[in-house]
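All remarks here apply to the structure that follows.
Labels below follow one simple rule: chain letters A, B, ... track the order of the sequence lines, proteins then strands, and each chain is numbered from 1.
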Amino acid sequence: MHDYPKAARLLKPAHFRAAYDGGERLACHLFVAFARRRGDLDPARFGFTCPRALGKAHDRNRIKRRLRECVRLRRDRFPAGLDLVFNPRKSLLGAAWEEIERQVEKLLDRLSPCESSSLPS
RNA sequence: GUCCUUCUUCGGGCAAUCGCUGGAAUUUUUUCAGAGGAAAGUCCGGUCUCCGUGGGGCGCUGUGCCGGCUAACGGCCGGGCUGGACUGCUCAAAGCGGUUUGGACGGAAAGUGCCACAGAAAAUAUACCGCUUGUCUGCCACUGGCGGAGAAGUAAGGGUGAAAAGGUGCGGUAAGAGCGCACCGCGGGGCGAGUAAUCGCACCUGGCAGGGAAAACCCCACAGGGAGCAAGGCCAAAUAGGGGAGCAGAGGCGGCCCGUCUCGAUAGGACUCCCGGGUAGGCUGCUGGAGCGGUGCAGUAAUGUGCCGCCUAGAGGAAUGAUUGCCUACGGUGAGGCGGAAGCUGAGCCGUGACAGAAACCGGCUUACGAGGAGAAGGACGUAA
RNA sequence: GCGGGAGUAACUCAGUGGUAGAGUCUCAGCCUUCCAAGCUGUUGGUCGCGAGUUCGAUUCUCGUCUCCCGCU
């Protein structure tokens with residue numbers, strides 16, 4: 001269950017705006033994640049942003065693909081009913097694969113207690 | 001054979017696992033395809049789409065030696081003229097030629113304006129120093145010399161500047177001067193070659209009038225309607241708003257309409273239905289084309305064309321990837337081996353593999369691009385004949 | 001994807017063919033018991049970068065880099 005269908009993605013600008021406005025901000029030195037509960041039990045959905053300030057198109061593609069792949073391999077471990085938007089930082093371009101994995105694992109640890117507490121729905 | 005320079009071209013390969021986008025089968029899993037030479041900058045030109053559009057002029061923008069190619073171009077090809085570098089002929093210079101590399105290369109005798117500083121003078125030339133000849137005059141002196149003042153002539157010499165108004169020589173002159181002459185240069189004409197730009201001439205003519213700059217304004221010739229796939233077309237939720245219809249008319253005067261009178265209803269409202277515009281969103285435009293690869297023919301070439309073969313990304317918060325292993329190229333380190341030494345070879349390990357990511361589509365230009373492989377041209381050295 | 005605009009001193013801006021300027025800032029002096037204000041002087045520039053035109057370029061032309069804005 002490591003696939004990445006369209007149902008597991010944020011596809012509209014409105015989805016992204018909702019995550020920014022009503023979500024919780026979780027930061028590390030490689031990226032910033034915005035997490036928002038939708039209130040249903042569908043699988044978590046993910047979105048990745050890559051503005052022009054991060055570099056040229058080639059580098060932005062690389063940043064997005066590496067981070068997306070790392071999240072995709074752990075997709076089933078994210079809580080259901082969650083919308084997540086990732087804003088990568090420029091340092092992610094030169095980061096080692098193991099370092100990205102470590103930061104995503106840390107994000108998962110921080111999300112787990114949220115499951116019992118009350119996130120804005 | 002080695003090395004160097006320039007140009008062209010290729011732009012690491014294979015496999016496993018987990019994935020993404022599109023197509024086709026089918027039905028739930030298979031199978032096929034999936035970044036570039038610049039996909040970039042958006043600097044030009046087109047295709048396509050919508051809007052505008054009687055004709056002409058002004059204005060604006062662009063282009064600018066000539067000819068050709070092209071759908072078109074500010075692109076490409078060929079030619080001319082011209083600057084630089086190297087080089088051959090030559091004792092050397094000039095001149096002529098070769099190779100290579102550049103040139104926004106129409107017009108400055110259409111007009112307006114500009115040329116700082118320096119310099120006498122910077123574009124209808126000009127007289128600062130100087131040179132020459134008269135005039136007046138001072139001193140020495142006595143057919144002369146040295147001065148001063150002012151007048152006229154002069155562009156040879158001086159210095160300034162990026163640039164000083166044809167050059168050299170001879171004649172000429174008071175001194176000079178295209179003032180005259182010869183040669184060179186320049187303008188105009190003629191003849192010849194060439195489609196033309198332009199070139200040639202032992203031809204005629206003009207004493208020469210024409211400094212630079214048009215990437216100053218400008219003049220001339222030619223070209224250009226505007227916007228751009230976020231163009232444009234189709235479908236169309238919710239909410240708000242717009243238009244229409246229905247829900248309330250009946251009776252009198254009168255042949256009927258308008259009008260007017262009486263009664264009823266209250267309505268700038270609520271409800272029902274319909275219509276069009278249109279937002280979110282969806283579909284389309286969307287990829288088979290000035291296409292690619294061979295090969296023949298025409299042409300110096302750019303290019304055109306005949307025949308054969310091929311189908312080669314279509315996303316849309318945006319796919320074409322991630323991880324690992326092996327190979328490969330290069331760099332570093334370097335066990336070990338060869339060697340007297342210099343050095344050569346080299347297991348293993350580590351690192352690196354450029355510039356860079358399609359967004360409607362083509363043709364150009366410009367810019368970015370590490371190492372290495374292949375090819376072509378030129379040069380140097382060595383060896384052999 | 002498409003269309004516009006700007007780069008000059010540490011900062012904000014003038015200048016638009018002829019030795020590159022103003023204000024603030026820096027530093028020093030005067031003034032004041034001291035500080036501020038004021039006055040005087042002073043430091044600081046590859047005019048974003050690279051070519052070209054010109055005798056001469058910040059200015060004109062071309063290329064290039066960076067930044068900003070608009071269309072949704």
Under 4.0 Å between a side-chain N/O of A:Arg75 and OP1 or OP2 of B:C20, yes or no?
no
Counter-base of B:G187, judged by Watson-Crick or G-U geometry with both distances under 3.5 Å
B:U205
Give none if B:C271 has no partner; otherwise give the nucleotide forming a Watson-Crick or G-U wobble pair with it, both distances under 3.5 Å.
B:G246
Is there a Watson-Crick or G-U wobble partner for B:C253 with both distances under 3.5 Å, and if so, which one is it?
B:G259
Over 60° means perpendicular and under 30° means parallel, so classify the ring planes of A:Phe78 and A:Phe46, tilted if in between.
perpendicular
What is the separation between atom CZ on A:Arg68 and atom P on B:C18, rounded to the nearest whole Å?
18 Å
Pairing partner (Watson-Crick or G-U wobble, both distances under 3.5 angstrom) of B:G83
B:U101
Gap in Å between the two C1' atoms, one belonging to B:G291 and one to B:C311, rounded:
10 Å
Please classify B:A197 as syn or anti, treating any glycosidic angle within 90° of 0 as syn.
anti
Is B:G325 paired to anything, Watson-Crick or G-U wobble with both distances less than 3.5 Å, and if yes, which nucleotide?
B:C14
Partner nucleotide of C:G52 by Watson-Crick or wobble geometry (both distances under 3.5 Å):
C:C60
Near-parallel close stack of A:Phe16 and B:G317 base (under 5.5 Å, under 30°):
yes
Nucleotide forming a Watson-Crick or wobble pair with B:G153, both distances under 3.5 Å:
B:C131
